[in-house]
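Protein chains get the first letters and strands the later ones, always in sequence-line order, with residue 1 at the start of each.
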2 protein chains.
Amino acid sequence: MTHTPLAFRHHNHRLCVRGALDSARTLCNERGARLTPLREQVLELVWQSHKPLGAYQLMDQLATASTRRVAPPTVYRALDFLLEQGLIHRINGLNAYVGCPSPEHRHPSHFLLCRACGVAVEIESAQLNETIMDNAREAGFRLESHSLEVTGLCPDCRSQSDA
Amino acid sequence: MTHTPLAFRHHNHRLCVRGALDSARTLCNERGARLTPLREQVLELVWQSHKPLGAYQLMDQLATASTRRVAPPTVYRALDFLLEQGLIHRINGLNAYVGCPSPEHRHPSHFLLCRACGVAVEIESAQLNETIMDNAREAGFRLESHSLEVTGLCPDCRSQSDA
DNA sequence: CCAAAGATGTTACACTATAACCCTTTCTGT
DNA sequence: ACAGAAAGGGTTATAGTGTAACATCTTTGG
């Protein structure tokens with residue numbers, strides 16, 4: 001049985017953005033973390049699509065979107081905050097950042113990355129987590145965090161390349 | 001049952017290096033790939049320990065080891081060759097490179113990374129591979145490569161931090 | 001031996017990220 | 001409300017990682 005994830009399909013993306021921003025506001029409120037206008041704006045830009053964005057791309061878009069020219073440290077500090085709050089993930093293989101669809105609980109960073117269209121989809125699998133933990137335990141390793149990045153073709157790009 | 005991997009224990013590291021270089025020479029021969037003196041020297045430097053090394057660290061060590069001052073492209077080209085031949089892996093989370101203990105067959109890059117001592121140990125688990133493939137398949141994704149990086153404490157550093 | 005391909009050298013530069021310092025805003029305890 | 005502390009953000013400069021483009025040298029194969 002296959003179930004194509006939302007981000008790989010056409011969908012009403014406004015709902016993704018709205019949901020992400022609502023969750024972020026709620027969570028930060030609960031946690032006493034300050035989701036400032038700048039941080040919220042960066043989060044919204046990250047969520048403009050399901051494609052991971054680089055820090056310098058975000059800088060450019062900030063400049064475009066709000067005639068606000070910011071230097072790298074400003075963006076990186078906002079990104080650090082969002083990472084700490086689990087509102088975004090960093091994709092190491094791309095030096096890029098993408099919104100987290102389930103920021104309410106901490107979880108490892110597991111992604112499917114389409115090399116053709118650039119879309120990133122987060123995987124949540126208890127079985128996968130357990131397999132990884134088993135492998136760590138077997139080596140006597142105390143696991144603290146893990147990240148998985150799977151590269152390939154999403155269903156859409158796959159059918160196009162088959163044609 | 002736990003079995004502490006070799007790289008996490010004291011061991012005769014000369015054997016690791018010798019084995020790696022022997023395998024590399026054999027494989028490149030079989031494949032008609034040219035393991036030039038420079039490439040071999042870079043491979044040997046990568047293998048000086050089980051800790052991933054950055055490209056610029058390698059440059060420095062090349063200069064020290066052989067009074068041979070090389071520019072970045074030289075090191076990166078050697079690294080690219082070694083990556084293509086599967087003789088080393090890149091650890092994305094560290095921007096660093098580490099020797100592959102089983103270069104004779106292509107395989108994904110799965111590592112346990114000790115944040116205290118820096119040692120990287122490669123995992124090979126059919127179960128892990130299958131779980132990842134299952135998750136990709138379920139999403140209708142055509143998997144082409146994957147990399148897993150697990151961060152934590154190795155058995156040694158773990159017992160020291162418990163004390 | 002010559003031509004082509006492959007490997008390395010060299011210069012310059014692009015991209016990613018952080019250090020250090022300063023000023024402003026917000027929070028905290030009284 | 002106020003003073004002091006803490007956090008956020010602006011600014012400049014620089015560190016760290018990686019590549020483009022072109023020149024030179026070496027190996028290979030006809």
Side-chain angles (χ1 to χ4, degrees), chain A residues 24-25 28-46 51-63 65-85 87-98 118 147 149, chain B residues 24-25 28-46 51-63 65-85 87-98 118 147 149:
Chain A
R25 282 186 277 256
C28 287
N29 239 327
E30 288 172 7
R31 295 171 182 166
R34 290 163 57 188
L35 187 63
T36 62
L38 174 67
R39 289 165 173 175
E40 189 172 324
Q41 197 181 2
V42 170
L43 180 61
E44 188 173 3
L45 285 172
V46 167
K51 305 178 188 179
L53 271 187
Y56 280 70
Q57 287 176 277
L58 284 168
M59 279 181 53
D60 292 344
Q61 307 220 356
L62 266 179
S66 54
T67 330
R68 174 185 207 166
R69 176 75 44 194
V70 300
T74 301
V75 170
Y76 279 105
R77 282 187 292 231
L79 290 171
D80 285 345
F81 171 85
L82 298 171
L83 285 169
E84 276 166 21
Q85 296 300 320
L87 297 169
I88 62 174
H89 292 284
R90 183 175 201 280
I91 308 295
N92 281 328
L94 302 173
N95 295 335
Y97 307 84
V98 72
S147 93
E149 295 178 10
Chain B
R25 281 186 278 258
C28 287
N29 239 327
E30 287 172 9
R31 296 172 182 167
R34 289 163 59 186
L35 187 64
T36 62
L38 174 68
R39 290 165 174 176
E40 188 171 327
Q41 197 182 0
V42 170
L43 181 60
E44 187 172 4
L45 285 172
V46 168
K51 305 177 188 180
L53 272 187
Y56 281 72
Q57 288 176 277
L58 284 167
M59 277 181 57
D60 292 344
Q61 307 219 358
L62 266 178
S66 54
T67 329
R68 173 184 208 169
R69 176 76 42 195
V70 299
T74 301
V75 171
Y76 279 105
R77 282 188 292 232
L79 290 171
D80 286 344
F81 172 85
L82 298 171
L83 285 169
E84 275 165 22
Q85 296 301 320
L87 298 168
I88 62 175
H89 292 283
R90 183 175 201 279
I91 309 294
N92 281 327
L94 301 173
N95 294 336
Y97 306 84
V98 72
S147 93
E149 296 177 11

Problem set entry | For atom CZ of A:Arg69 and atom P of D:dT11, their distance in whole Å | 12 Å
For this session: Nearest 0.5 Å please: distance from the CG atom of B:Leu58 over to the OH atom of B:Tyr56.
Result: 12.0 Å
For this session: Rounded to the nearest 0.5 Å, what's the gap from CZ on A:Arg25 to CG on A:Leu43? Could you check?
Result: 9.0 Å
Exercise. For A:Arg31 and D:dA7, what is the distance between atoms CZ and P respectively, to the nearest whole Å?
Worked result: 17 Å
Seminar exercise, completed: Residues of residues 32-39 of chain A with a heavy atom under 4.0 Å from any atom of DNA chain D, listed by number, are A:Arg34, A:Thr36, A:Leu38, A:Arg39
For this session: Assign A:Arg68 to base, sugar-phosphate, or nothing according to its heavy-atom contacts below 4.0 angstrom with the strands shown.
Result: sugar-phosphate
Problem set entry | B:Arg69 side, atom CZ; B:Thr74 side, atom OG1 - distance, nearest 0.5 Å | 12.0 Å
Seminar exercise, completed: From the list A:Val42, A:Leu82, A:Ile88, A:Ile91, side chain to side chain contact (heavy atoms under 4.5 Å, CB included) partner of A:Tyr97 resolves to A:Ile88
For this session: Can you tell me the distance, in whole Å, between the CD atom of A:Gln41 and the P atom of D:dG8?
Result: 17 Å
Seminar exercise, completed: B:Asp80 atom CG is separated from D:dT17 atom P, nearest whole Å, by 16 Å
Problem set entry | base_contact_polar (D:dG10 base, A:Arg77 side chain, donor-acceptor, <3.5 Å) | yes
Problem set entry | Integer-rounded Å distance: D:dT17 P and B:Leu58 CG | 11 Å
For this session: Working to the nearest 0.5 Å, report the span between CG of A:Leu62 and CZ of A:Arg68.
Result: 7.0 Å
Seminar exercise, completed: Winner on side-chain proximity to B:Asn95, out of D:dT19, D:dT17, D:dT11, is D:dT17
Exercise. What integer distance in Å separates B:Ile91:CD1 from D:dT17:P?
Worked result: 15 Å
Exercise. Planes under 30° and centres closer than 5.5 Å, is that true for B:Tyr56 with the base of D:dT17?
Worked result: yes
For this session: Starting at atom CE of A:Met59, determine the distance to atom P of D:dG9, rounded to an integer number of angstrom.
Result: 15 Å
Problem set entry | Value in whole Å for how far the P atom of D:dT17 lies from CG of B:Leu94 | 10 Å
Seminar exercise, completed: The reported gap from OG in A:Ser66 to CG in A:Leu38 (rounded to nearest 0.5 angstrom) is 9.0 Å
For this session: Examine distances only and state if a side-chain atom of A:Gln85 and a backbone atom of A:Cys28 form a donor-acceptor pair shorter than 3.5 Å.
Result: no
